Amino acid sequence: MTLYMKVAQEFEDQIRAGTVQPGERLPSVRTLSRNRKVSASTVLQAYLALEAKGLIEARPQSGYYALAPL
């Protein structure tokens with residue numbers, strides 16, 4: 001499993017478990033990359049994968065927000 005997939009899986013698990021509530025803002029790409037000691041592109045790939053699954057949405061100039069799992 002690639003690094004971005006691991007990051008995405010952790011957030012997916014948190015969203016499905018209800019730890020991250022719908023409408024809750026996710027950490028910024030820069031903040032998460034600093035905290036996890038990974039590149040910003042790794043975090044961005046993880047967020048794009050979650051967005052493709054319909055678990056998060058990007059809001060322009062605001063960040064990424066969790067959606068209710070389907």
Side-chain angles (χ1 to χ4, degrees):
M1 183 181 282
T2 61
L3 187 55
Y4 87 89
M5 291 174 72
K6 289 179 184 178
V7 173
Q9 186 63 52
E10 288 176 29
F11 276 101
E12 181 175 351
D13 293 343
Q14 290 176 8
I15 291 168
R16 293 194 187 280
T19 306
V20 176
Q21 297 293 316
E24 188 174 332
R25 188 173 189 273
L26 299 179
S28 72
V29 172
R30 287 185 202 169
T31 300
L32 192 58
S33 70
R34 258 194 317 264
N35 291 346
R36 300 281 177 103
K37 295 182 176 43
V38 297
S39 71
S41 65
T42 298
V43 175
L44 189 56
Q45 279 186 299
Y47 280 177
L48 291 174
L50 292 168
E51 195 172 20
K53 289 183 175 184
L55 293 172
I56 66 171
E57 70 176 350
R59 295 184 189 166
Q61 298 183 358
S62 182
Y64 289 89
Y65 291 80
L67 298 174
L70 301 176

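The model shown is predicted, which means the values in this text are computed figures rather than measured ones. Counting begins at 1 with the first residue of the sequence.
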Do the non-hydrogen side-chain atoms of [X] and [Y] ever get within less than 4.5 Å of each other?
X	Y	answer
Glu10	Met5	no
Thr42	Ser33	no
Asp13	Thr19	no

Applying side-chain contact (heavy atoms from CB on, under 4.5 Å), name anything that partners Leu67, two or more places apart in sequence or on another chain.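 For Leu67, the residues satisfying side-chain contact (heavy atoms from CB on, under 4.5 Å) (neighbours in sequence not counted) are Glu57.
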
Closer than 3.5 angstrom, by distance alone: can the side chain of Arg34 be matched with the main-chain N or O of Val29 as a donor-acceptor pair?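 Side chain of Arg34 to backbone of Val29: no pair is present.
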
Determine, using the 4.5 Å side-chain heavy-atom cutoff (strictly less than), whether [X] and [Y] are members of one ILVMFWY cluster.
X	Y	result
Val7	Ile15	yes
Leu44	Val38	yes
Leu48	Leu3	yes
Leu50	Val20	yes

Using 0.5 Å steps for rounding, measure from the CD atom of Glu24 to the CD atom of Gln14.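 If I round to the nearest 0.5 Å, the distance is 9.0 Å.
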
With rounding to the nearest 0.5 angstrom, report the CD1 to CZ distance, Ile56 to Phe11.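 Rounded to the nearest 0.5 Å, the CD1-CZ separation comes to 8.5 Å.
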
Within residues 50-70 or reaching into it, pairs that qualify as ring-ring contact (aromatic ring centres under 6.0 Å, His included) - sequence neighbours excluded: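 Pairs touching residues 50-70 that pass the test: Tyr47-Tyr64.
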
So, are Glu12 and Arg16 salt-bridged, with charged N and O less than 4.0 Å apart?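 Here Glu12 pairs with Arg16 in a salt bridge, since their nearest N and O are under 4.0 Å apart.
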
Please indicate whether Arg59 has more than 12 foreign heavy atoms, meaning atoms of other residues, nucleotides or ligands, lying under 6.0 Å from its CZ.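 Count over threshold, so yes.
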
Run the numbers on Leu26 and Leu32 for side-chain contact (heavy atoms from CB on, under 4.5 Å), then give the verdict. CA-CA 9 Å; Leu26 299 179; Leu32 192 58; over 6 Å; no

